[in-house]
Amino acid sequence: MAISKNYTPSEIEDKWYAAWIEAGAFRSVPDHRPAYTITIPPPNVTGILHMGHILNNTIQDVLIRRKRMEGYNACWVPGTDHASIATEAKVVRMLAEQGIRKSDLTREEFLRHSFEWKETYGGIILRQLRKLGASCDWERTHFTMDEEYSRAVIECFCELYRQGLIYRGKRMVNWDPQAQTAVSDEEVIHRETQGFLYHIRYAIEGAPGEYVVIATTRPETLLGDTAVAIHPEDPRYTHLHGRRALVPLAGRSVPIILDAYVDREFGTGCLKVTPAHDMNDAEIGLRHGLEVVDMMTDEGRVSEAGGAYAGLDRFEARKQIVRDLEAQGLLERQEPYTHSVGYSERTNAVIEPRRSLQWFLKMQDLSRPALDAVNSGEVNLIPGRFLSTYRHWLEHVRDWCLSRQLWWGHRIPAYYIAGTGQYVVAPDAASALEAARELTGNPDLQASSLEQDPDVLDTWASSWLWPVQVFQGITRPGNPDFSYYYPTSDLVTAPEILFFWVARMIIAGYHFTGKKPFTNVYLTGIVRDDQRRKMSKQLGNSPDPLDLIAKHGADGVRVGMLLASPAGNDLLYKESLIEQGRNFANKLWNAYRLVGGWQGADREPGELELLAADWMRARLAQAAQELEDLFGKFRIADAVMAVYKLTWDDFCSWFLEMIKPAGGQPLSAATLEAVTSLFEGVLELLHPFMPFVTEEIWQGLREREAGVFLTCGPMRTHGAPDTACLEDMALIQETVTALRALRSEKGLGLKDALPLSVITETPDLFRRYLPVLQKLAGIGGLEFVQSQPARSAGVRVRTSECFLPAGELADAEEERSKLLKEIEYTEGFLRSVLGKLENERFVSSAPAQVVENERRKRADAEAKLDLLRRSLAALG
RNA sequence: GGGAAUUUAGCUCAGUUGGUUCAGAGCAUCUGUCUUACAAACAGAGGGUCACUGGUUCGAAUCCAGUAAUUCCCACCA
């Protein structure tokens with residue numbers, strides 16, 4: 001059999017993926033089996049695969065594949081998100097490169113461009129996921145702007161509106177005066193900017209000559225001031241309580257209000273309040289019922305409200321106002337001051353906080369079930385430490401601003417009735433017209449009198465329905481798919497979007513279906529580089545996952561990522577991790593080369609063959625048990641390490657080395673069958689982590705029927721492991737290691753068979769496992785002695801002592817000092833144990849089992865000392 | 001400013017209800033080996049005051065308090 005020496009993943013990965021798809025191995029339809037369901041966190045439709053996706057989707061695939069092999073009807077639903085902000089920004093940039101400005105396009109034209117973009121680049125990421133081996137049911141692929149999905153989003157909006165949970169309200173938005181549009185928080189870049197802090201005198205009304213000094217970086221906004229605020233407990237200003245101040249230049253009389261928001265340490269401890277132009281001031285304004293004076297136009301010029309300054313550009317106005325204040329002696333001083341200023345990501349214009357009318361969702365009552373569900377454990381967060389973060393957020397939840405001033409997305413289904421100031425909310429234009437006619441009492445109202453709100457919904461207002469609507473739970477409630485797959489099982493996502501997405505899915509799940517959307521939320525870490533920096537395009541520290549897959553194989557990439565990714569902890573990416581994964585795949589491949597070359601002979605199995613197979617069977621059963629436990633706790637990194645050690649250490653280093661026939665001799669046929677079967681057992685446990693190489697080996701290990709795949713399972717069940725066998729072998733393994741070390745230390749080599757002399761209380765064990773010692777530790781005969789033979793070198797294993805003849809190399813003095821050291825250590829140990837046992841408070845207050853343990857330790861130590869002293873005496 | 005965490009070997013992390021499977025794993029390092037499955041390997045070895053200081057306890061990596069450093073999220077810096 002010609003099997004290449006190094007595993008070459010590229011030759012087999014595409015082959016098996018295509019074969020799996022052809023066989024429908026990942027297709028899921030409802031049947032009698034229990035369902036296990038994951039809905040993918042939909043990546044941006046125009047996104048490309050990055051390392052974060054690799055980690056996240058590897059974990060999902062591991063979970064799905066494992067359950068599939070366990071006999072569940074595993075369904076992994078893929079799809080993409082329209083990602084309104086990110087995608088629109090990309091399209092705007094793409095158009096700009098072609099010399100097209102969004103503002104020159106109609107909405108329809110822009111959307112046409114957007115859909116073209118989506119058709120060209122959309123779904124690339126899903127094709128890339130196939131390279132990773134993702135076992136999604138591709139026939140279930142969804143997109144958040146698919147026709148039916150969109151209908152669901154709009155229906156839900158309408159329902160919430162009918163339930164009185166949606167309202168319109170004023171809210172601060174980030175206004176880009178150059179693009180003349182609101183931009184999202186994500187599109188605002190905060191930069192430290194050099195400016196000035198101006199100290200300005202505000203006269204106290206009715207007290208000539210008296211004034212209060214406020215500090216501001218934006219003096220021009222004083223035209224919109226409607227209050228001056230001080231801290232209620234600031235002793236410097238108690239005399240101002242209940243008074244009024246006069247806004248300079250504007251001459252407006254405004255109240256002096258008390259608000260704990262004011263930082264007494266900052267500036268003068270006195271704050272001008274401009275509710276129309278500052279986020280915090282807006283909140284203060286709300287608290288105190290202040291008047292709102294908007295002193296700025298869409299273009300960022302001073303509005304009519306600014307009186308004499310009307311028409312000036314905002315920065316011109318600042319200069320002019322400073323000059324005028326100075327002229328009037330109202331500018332006490334100005335000092336250079338560095339502060340953070342928001343700039344538009346698109347135009348680099350300074351962002352203007354501005355009030356605008358937006359749509360809101362009342363969250364208080366709506367989010368209650370989501371809080372309860374996580375508190376009660378109906379929905380689990382893994383790791384659990386995210387619970388307090390989650391709880392805190394939901395307990396202080398704010399109303400959700402649903403509208404975004406964009407075109408790419410689900411347009412808000414509100415229709416304004418021309419000339420009435422009224423509006424209706426309806427799922428489509430026809431029903432809107434009907435509703436509008438009813439509302440206005442005008443049956444002749446024409447469609448042309450209705451104008452739909454130009455804004456679209458926040459992306460999360462569609463993706464919060466994801467686990468429900470991928471099974472048409474909104475549009476076709478009660479359909480068989482929805483009844484079978486929903487609630488889904490697990491969700492795997494990043495903690496960054498715990499609030500944005502996860503919490504809202506739970507909210508939507510309970511509100512629209514009455515049920516939770518999923519049971520477990522596994523939160524992964526963020527992939528960073530080895531200096532803990534986030535991966536980013538700018539830094540160029542993010543490798544292309546497809547290159548890595550091409551270079552090291554998908555299995556290597558998967559294992560490499562998993563090895564270093566405990567739940568919720570960040571993963572520090574290094575290519576060496578992937579190399580470790582690749583090396584592991586290669587190790588497995590070479591085990592296959594070895595076993596694949598073996599022949600079976602028609603004879604009885606030898607003693608060693610039986611010992612080895614029994615032990616490996618027990619070890620496999622033990623590992624299977626361990627893995628089941630780890631999967632149950634979502635300890636994926638531990639699970640991959642457990643199976644890594646099972647394969648490399650137990651199966652390859654111990655088992656195959658034990659059983660490997662010397663000099664090309666055949667094994668017994670029965671043993672060859674046992675080896676093949678055990679190898680299959682290992683492959684089953686490995687398969688979810690490294691699907692490609694395991695499938696290739698499994699298929700080559702023996703003749704398979706066409707269309708039968710490892711990936712489809714089912715995996716075998718293992719009984720309870722034979723623990724006695726494992727314990728016995730553990731002692732023998734320790735002995736082998738100790739003897740090898742001794743030989744290496746003494747320069748005894750490993751080739752010549754040496755007779756072994758042993759002092760032990762368990763001679764049968766040594767007798768029984770002598771073949772193992774012979775094979776792996778180069779032992780010849782076995783002899784039991786009462787004390788250390790002359791000219792020998794010794795090593796202690798637990799309570800036994802092993803000796804090899806050292807001939808000329810024997811060093812009695814060294815043996816003696818080794819023993820003395822050992823005695824000294826054991827005596828110290830015994831003393832500490834006795835210290836506890838002689839302490840009455842220990843004996844009386846410690847649990848009985850602990851005390852019993854200490855007594856056993858004492859007995860062991862005493863026996864050991866006895867043994868050591870005898871050997872010392874024997875040395876002379 | 002509000003909240004959540006983290007600190008154990010050179011690196012990344014385990015360490016469940018305080019008590020010999022409590023000081024562990026993988027990688028890296030060092031020393032030997034091309035021993036015919038694998039040098040992407042094999043056989044060995046070294047390496048930690050469990051951040052610091054106090055406290056509780058018969059007993060603390062583990063519980064409590066304080067200190068220091070680091071990270072993340074939210075809100076924001078007049």
Side-chain angles (χ1 to χ4, degrees), chain A residues 3 5-7 190 192 197-198 214-218 221 229 261-263 266-274 278-281 283 337-341 383 385-393 396 398 495-496 498-499 525-526 530 532 552 556 563-566 568-572 574 576-577 579-580 582-598 633 635 637-638 640-642 644-645 648 652-653 656-657 660 663-664 730 737 740-745 747 750-751 829 832-833 835-836 839-847 849-851 853-854 856-857 860:
Chain A
I3 311 178
K5 187 168 168 179
N6 279 356
Y7 169 57
H190 289 272
E192 291 293 312
L197 191 59
Y198 302 89
I214 60 89
T216 180
T217 55
R218 302 201 52 199
T221 61
Y261 167 75
V262 178
D263 178 357
F266 188 90
T268 59
C270 208
L271 173 71
K272 72 196 249 337
V273 184
T274 322
D278 181 280
M279 304 270 181
N280 288 306
D281 291 9
E283 298 213 345
Y337 183 68
T338 305
H339 60 131
S340 163
V341 174
R385 64 185 152 87
F386 286 103
L387 193 123
S388 47
T389 313
Y390 177 91
R391 191 183 289 147
H392 185 264
W393 187 76
H396 300 89
R398 298 169 148 220
E496 311 170 281
L498 185 59
F499 310 131
I526 298 167
D530 55 3
R532 278 196 187 275
H552 302 301
L563 274 170
S565 59
N569 268 23
D570 287 355
L571 181 151
L572 273 52
K574 281 188 282 190
S576 60
L577 282 173
E579 282 167 12
Q580 193 184 346
R582 176 206 57 182
N583 293 354
F584 181 47
N586 194 52
K587 181 72 187 177
L588 190 66
W589 182 252
N590 276 290
Y592 170 50
R593 286 183 65 211
L594 178 66
V595 173
W598 284 346
K633 294 172 179 157
R635 304 195 55 148
D638 291 341
V640 77
M641 182 49 68
Y644 180 91
K645 287 200 260 195
W648 201 308
C652 293
S653 295
L656 292 182
E657 289 300 332
K660 183 160 69 176
T737 302
R740 280 171 175 170
L742 184 66
R743 298 178 76 135
S744 136
E745 184 192 324
L750 265 174
K751 298 216 163 132
F829 177 75
S832 85
V833 174
K836 286 187 202 174
N839 181 336
E840 241 171 76
R841 301 187 65 178
F842 170 77
V843 177
S844 59
S845 52
Q849 207 195 332
V850 174
V851 177
N853 218 348
E854 293 299 314
R856 218 176 43 234
K857 273 152 64 179
D860 285 353

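All chains are named by letter (A, B, ...) in the order of the sequence lines, taking the proteins before the strands, and each is independently numbered beginning at 1. Here the structure is a predicted model, which is why all the values come from computation and not from measurement.
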[N] to [M] separation - [atom1] atoms, rounded to the nearest Å:
N: B:A5; M: B:C22; atom1: P; answer: 28 Å
N: B:C34; M: B:A39; atom1: C1'; answer: 7 Å
N: B:U57; M: B:G3; atom1: P; answer: 32 Å
N: B:G48; M: B:U33; atom1: P; answer: 28 Å
N: B:G66; M: B:C11; atom1: C1'; answer: 31 Å
N: B:U62; M: B:U16; atom1: C1'; answer: 11 Å
N: B:U7; M: B:G15; atom1: P; answer: 10 Å
N: B:A37; M: B:G19; atom1: P; answer: 47 Å

- Message: Need to verify one output field. Residue with the more 5' nearest nucleotide on RNA chain B, A:Glu283 or A:Glu745?
- Response: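 Going by which nucleotide is closer to the 5' end, it is A:Glu745.
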
Please tell me if [X] has a side-chain N or O lying less than 4.0 Å from either OP1 or OP2 of [N].
X: A:Arg582; N: B:A40; result: no
X: A:Trp589; N: B:A41; result: no
X: A:Asn590; N: B:A40; result: no
X: A:Arg635; N: B:A25; result: no
X: A:Ser744; N: B:A45; result: no
X: A:Lys587; N: B:C42; result: yes
X: A:Arg593; N: B:A37; result: no
X: A:Tyr644; N: B:A25; result: no

Paired with [N]: which nucleotide, if any, by Watson-Crick or G-U wobble criteria at under 3.5 Å for both distances?
N: B:A14; value: none
N: B:G66; value: B:C52
N: B:A4; value: B:U71
N: B:G19; value: B:C58
N: B:U31; value: B:A43
N: B:A9; value: none

Of the listed nucleotides [options], the one nearest the side chain of [X]:
X: A:Met641; options: B:A78, B:G3, B:G26; answer: B:G26
X: A:Ser653; options: B:A43, B:A37, B:A78; answer: B:A43
X: A:Trp648; options: B:A41, B:G3, B:A37; answer: B:A41
X: A:Ala741; options: B:A45, B:A78, B:A40; answer: B:A45
X: A:Thr389; options: B:A78, B:A4, B:G19; answer: B:A4
X: A:Lys645; options: B:G26, B:A43, B:U57; answer: B:G26
X: A:Ala564; options: B:U12, B:A40, B:G2; answer: B:U12
X: A:Asn280; options: B:C77, B:A5, B:G44; answer: B:C77

- Task: Could you check whether the rings of A:Phe584 and A:Trp648 sit parallel, tilted or perpendicular, using 30° and 60° as the cut-offs?
- Result: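 The rings of A:Phe584 and A:Trp648 lie parallel, inter-plane angle below 30°.
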
Using atom [atom1] of [X] as one end and atom [atom2] of [N] as the other, report the distance to the nearest whole Å.
X: A:Glu657; N: B:U36; atom1: CD; atom2: C1'; answer: 12 Å
X: A:Ile526; N: B:A5; atom1: CD1; atom2: C1'; answer: 13 Å
X: A:Gln580; N: B:A25; atom1: CD; atom2: P; answer: 15 Å
X: A:Lys574; N: B:U12; atom1: NZ; atom2: P; answer: 7 Å
X: A:Glu496; N: B:U71; atom1: CD; atom2: C1'; answer: 13 Å
X: A:Lys836; N: B:C22; atom1: NZ; atom2: P; answer: 12 Å

- Are A:Trp589 and A:Tyr592 close enough, and set up right, to give a ring pair (Phe, Tyr, Trp, His ring centres under 6.0 Å), and what steps lead you there? CA-CA 5 Å; A:Trp589 182 252; A:Tyr592 170 50; 5.4 Å; yes

- Query: Hey, does A:Asp278 have a side-chain heavy atom less than 4.5 Å from the side chain of A:Thr221?
  - Reply: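 When only atoms from C-beta onward are counted, A:Asp278 and A:Thr221 do not touch, as no gap falls below 4.5 Å.
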
- Message: Within the 4.5 Å heavy-atom criterion, are A:Phe499 and A:Thr389 side-chain neighbours or not?
- Response: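 Counting from C-beta outward, A:Phe499 and A:Thr389 do come under 4.5 Å.
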
- Once you round to the nearest 0.5 Å, how far does NZ of A:Lys272 lie from OG1 of A:Thr216?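 OG1 of A:Thr216 is found 4.5 Å from NZ of A:Lys272.
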
- Verify side chain to side chain contact (heavy atoms under 4.5 Å, CB included) between A:Trp598 and A:Lys660, making sure each step is shown before the conclusion. CA-CA 9 Å; A:Trp598 284 346; A:Lys660 183 160 69 176; 4.2 Å; yes

- Side-chain donor/acceptor of A:Asn586 to backbone N/O of A:Asn6, under 3.5 Å: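 Not confirmed, A:Asn586 side chain does not pair with A:Asn6 backbone.
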
Have a look at [X] and say if it touches a base, only the backbone sugar-phosphate, or nothing, with a 4.0 Å heavy-atom cut-off.
X: A:Lys660; result: base
X: A:Asn6; result: base
X: A:Glu579; result: nothing
X: A:Tyr337; result: sugar-phosphate

- Check the pair A:Glu283, A:Arg398 against salt bridge (charged side-chain N to carboxylate O under 4.0 Å, His left out), reporting the backbone distance first and the verdict last. CA-CA 13 Å; A:Glu283 298 213 345; A:Arg398 298 169 148 220; 3.5 Å; yes

